[in-house]
**Student:** 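Sharing a structure, written as structure tokens. Questions coming.
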Amino acid sequence: MRLSRFYLPVLKETPAEATIISHQLMLRAGMIRQQGAGIYAWLPLGFRVLKKIEQVVREEQDRAGAVELLMPTIQQADLWRESGRYDAYGKEMLRITDRHDREMLFGPTNEEMITEIFRAGVRSYKDLPKLLYHIQWKFRDEIRPRFGVMRGREFLMKDTYSFDIDKDEARRSYNRMFIAYLRTFARLGLKSIPMRADTGPIGGDLSHEFIVLADTGESEVFCDRDLLDMPAPDINVDFEGDLQSLVDQRTVHYAATDEMHDVEEFEQKVSSEKRVSARGIEVGHIFNFGTKYSKAMNAVVMGPDGKEVAAEMGSYGIGVSRLIGALIEAFHDEQGCKWPVAVAPFHVGIINLKAGDEAVDGACTDLWRQLESQNVEVIYDDTRSRAGEKFARMDLIGVPYQITVGPRGLKEGIVELKLRIDGSKQELSPEAAVNFIKEKIAEGLKVH
RNA sequence: CGGGGCGUAGCGCAGCCUGGUAGCGCAUCUGCUUUGGGAGCAGAGGGUCGCAAGUUCGAAUCUUGCCGCCCCGACCA
């Protein structure tokens with residue numbers, strides 16, 4: 001992609017309304033534009049990152065055995081009356097009417113709808129288990145939206161729903177998502193800690209929040225330091241097998257958010273040097289809530305004994321748009337974003353120091369073509385901006401590998417390669433740069 | 001919803017108290033000079049001063065109402 005054709009409205013100064021670094025950088029890097037309190041348009045750069053994150057989430061859901069579908073954003077009030085939540089949900093639900101005065105709503109979540117879809121198509125225990133998910137925009141009319149996409153009113157969420165014949169099987173579905181979540185966040189480069197959580201208005205008795213530590217996080221969290229050093233299960237994990245021991249390894253350690261925090265237990269279970277109290281961002285939340293919706297909505301299957309039973313259910317959410325905020329909080333410096341390869345909007349930036357110069361233009365175009373032919377995503381700065389501005393902009397948007405091509409180096413057959421992660425630079429031939437990057441990108445995209 | 005603050009050019013802000021030609025920096029456009037880490041000089045364009053009503057000879061400025069946004073708190077992916 002030529003930068004001159006792209007739409008990248010970067011800001012030199014930080015807009016006053018943004019108070020946390022991720023919000024500031026998203027605005028400055030031209031990733032989002034605010035359209036109202038808690039409502040954002042995704043500009044091309046932000047959209048690319050969002051899609052990358054979405055794809056990682058999708059791949060790990062699929063790996064864990066979940067099946068993707070897509071439910072609408074607009075739902076009928078009657079569906080929510082079946083579960084009783086139309087009245088219970090309160091002002092967070094955006095209620096609207098259509099031209100026939102039918103009551104509708106913009107979905108804040110999809111338990112009712114997925115239960116309706118499930119009951120329409122499943123009759124027997126032989127069809128279970130089922131794990132269904134979608135990645136869709138939600139709207140929750142938050143009391144106070146803030147921190148940019150971290151607490152927006154409209155946000156992109158991956159929500160999975162599980163249906164099982166009994167509690168043991170439901171636990172197995174829960175465990176699948178538990179492990180899938182650890183893998184998802186790890187692939188994004190984030191260290192997530194599962195913490196026991198309050199089930200809130202959704203109900204049920206088994207729930208974990210997945211927290212990424214960050215100073216700007218909204219939750220106060222407490223955990224055992226050992227959890228921080230525990231790697232996510234690797235690609236060989238068998239989702240069809242018994243995952244309980246992997247889950248237990250994490251859940252035996254103390255980890256709780258402030259609303260579930262028990263000081264006495266914390267001090268008793270965790271030695272003082274291992275006690276971590278910090279702030280964190282909730283990037284995922286998983287619940288098992290039994291038959292709350294299946295009973296209310298008559299989502300039943302025939303069991304092996306010929307009796308109808310209400311399906312055991314769970315729901316599992318990941319805040320996809322919020323993850324962008326969490327990622328920037330984790331990966332940035334004074335200059336701007338520092339994207340991990342797996343989610344970078346572009347893998348490589350080519351900086352043409354003298355656009356219009358035949359030799360430099362030619363060298364840049366060659367590099368660009370060669371890299372793209374290797375499926376490397378390139379943003380080629382072919383603009384007439386000054387060098388300093390180009391460097392600053394490339395750092396701001398956080399492109400992990402940057403190749404600078406100028407007349408001076410080119411005379412010696414050399415370009416400069418910079419790594420955004422540590423700022424290190426090396427001079428090498430264009431061919432060597434391509435080979436180096438090719439390897440690094442392949443490494444960065446490799447799923448472990 | 002309670003408390004606090006803000007709304008003036010694309011962005012960051014001053015002007016308001018004490019009413020009288022709407023300003024500054026950055027950005028944009030033109031020209032010249034520069035050109036390897038956010039250039040210099042000269043010039044130019046760009047404003048319903050959030051909206052409405054009121055007071056006044058005269059309102060960005062004073063009054064009232066409304067709208068929007070931000071921050072602190074109670075709620076949440």
Side-chain angles (χ1 to χ4, degrees), chain A residues 9-20 23-24 27-28 30 33-39 53 57 89-93 107-110 135-160 181 185 192 197-202 207-212 217-219 257 259 281-287 315-326 335-336 351-357 360 383-396 402 404-411 414-416 418 423 425 427:
Chain A
V10 298
L11 304 174
K12 206 163 173 178
E13 289 170 281
T14 302
E17 74 267 16
T19 55
I20 64 167
H23 190 194
Q24 292 171 352
L27 291 168
R28 284 195 54 212
R33 177 156 180 87
Q34 183 166 9
Q35 297 299 333
I39 301 176
I53 295 174
V57 170
Y89 214 93
K91 289 195 156 184
E92 278 209 350
M93 181 149 75
T109 177
N110 286 66
I135 299 171
Q136 177 64 291
W137 294 93
K138 304 288 187 290
F139 193 95
R140 293 184 189 171
D141 200 355
E142 295 282 341
I143 295 167
R144 184 152 93 85
R146 66 185 122 173
F147 302 147
V149 300
M150 296 279 254
R151 176 161 301 285
R153 291 196 293 171
E154 187 182 57
F155 59 99
L156 186 62
M157 179 178 174
K158 185 287 301 175
D159 38 326
T160 307
Y181 276 31
F185 301 127
S192 70
D198 193 359
T199 52
I202 292 185
S207 176
H208 286 88
E209 288 180 12
F210 286 74
I211 301 283
V212 170
E218 285 193 277
S219 324
T257 57
E259 63 263 30
I281 301 165
E282 182 185 352
V283 291
H285 200 157
I286 61 179
F287 300 89
S315 74
Y316 315 86
I318 289 179
V320 177
S321 45
R322 172 180 288 182
L323 270 169
I324 295 200
Q335 268 55 250
I351 293 175
N352 182 332
L353 284 180
K354 197 168 185 185
D357 178 289
V360 182
T383 66
R384 302 290 175 120
S385 306
R386 305 174 62 78
E389 190 181 345
K390 291 189 176 193
F391 292 129
R393 183 166 51 204
M394 206 58 93
D395 283 349
L396 175 62
Q402 303 172 11
T404 300
V405 185
R408 219 143 76 196
L410 216 49
K411 270 184 202 144
I414 278 170
V415 298
E416 183 188 270
K418 182 173 121 176
K425 295 171 194 167
E427 295 193 329

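Here is how names work: the chains are called A, B, and so on, in the same order as the sequence lines, proteins then strands, and each is numbered from 1. Here the structure is a predicted model, which is why all the values come from computation and not from measurement.
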**Student:** CG of L353(A) versus C1' of U35(B): gap in Å, rounded?
**Tutor:** 10 Å
**Student:** Side chain of E389(A), base of G38(B): donor and acceptor closer than 3.5 Å?
**Tutor:** yes
**Student:** Can you figure out which of C76(B), C11(B), G73(B) approaches the side chain of R144(A) most closely?
**Tutor:** G73(B)
**Student:** Rounded to whole Å, how long is the line connecting atom CG of L156(A) with atom C1' of A77(B)?
**Tutor:** 10 Å
**Student:** Give a yes/no answer on whether the side chain of Q34(A) brings an N or O atom under 4.0 Å of OP1 or OP2 in C70(B).
**Tutor:** yes
**Student:** What distance, rounded to whole Å, do you find between the two P atoms, one in G47(B) and one in G40(B)?
**Tutor:** 26 Å
**Student:** For the pair made of CD in E17(A) and C1' in G68(B), what is the distance, rounded to whole Å?
**Tutor:** 13 Å
**Student:** For the pair Y181(A) and F185(A), name the ring-plane relationship: parallel under 30°, tilted 30 to 60°, perpendicular over 60°.
**Tutor:** perpendicular
**Student:** Is it the case that G36(B) (base atoms only) and K390(A) (side chain only) share a donor and an acceptor within less than 3.5 Å, ignoring hydrogens and angles?
**Tutor:** no
**Student:** Any strand counts, and the cut-off is 3.5 Å on both contacts for Watson-Crick or G-U wobble. Which nucleotide pairs with U28(B)?
**Tutor:** A44(B)
**Student:** Using the P atoms only, state how far G7(B) lies from C17(B), rounded to an integer number of Å.
**Tutor:** 14 Å
**Student:** Any N or O donor-acceptor pair linking the side chain of E13(A) to the base of G25(B) at under 3.5 Å?
**Tutor:** yes
**Student:** Starting from C1' on G3(B), measure out to CD1 on I143(A) and report it in whole angstrom.
**Tutor:** 15 Å
**Student:** For C6(B), what is the paired nucleotide under Watson-Crick or G-U wobble rules, both distances under 3.5 Å?
**Tutor:** G68(B)
**Student:** Hey, does the side chain of R384(A) come within less than 4.0 Å of U34(B)'s phosphate (OP1/OP2), counting only N and O?
**Tutor:** no
**Student:** Is the phosphate of G36(B) approached by T404(A) (side-chain N or O, under 4.0 Å from OP1 or OP2)?
**Tutor:** no
**Student:** On a whole-Å scale, what distance lies between the P atoms belonging to U61(B) and U8(B)?
**Tutor:** 14 Å
**Student:** What's the CG-C1' distance between L11(A) and G25(B), to the nearest Å?
**Tutor:** 15 Å
**Student:** Answer yes or no as to whether A77(B) has its base stacked against F155(A), where stacking requires a ring-centre separation under 5.5 angstrom and planes under 30 degrees apart.
**Tutor:** yes
**Student:** With a cut-off of less than 4.0 Å, is there a side-chain N or O of R386(A) near OP1 or OP2 of A39(B)?
**Tutor:** yes
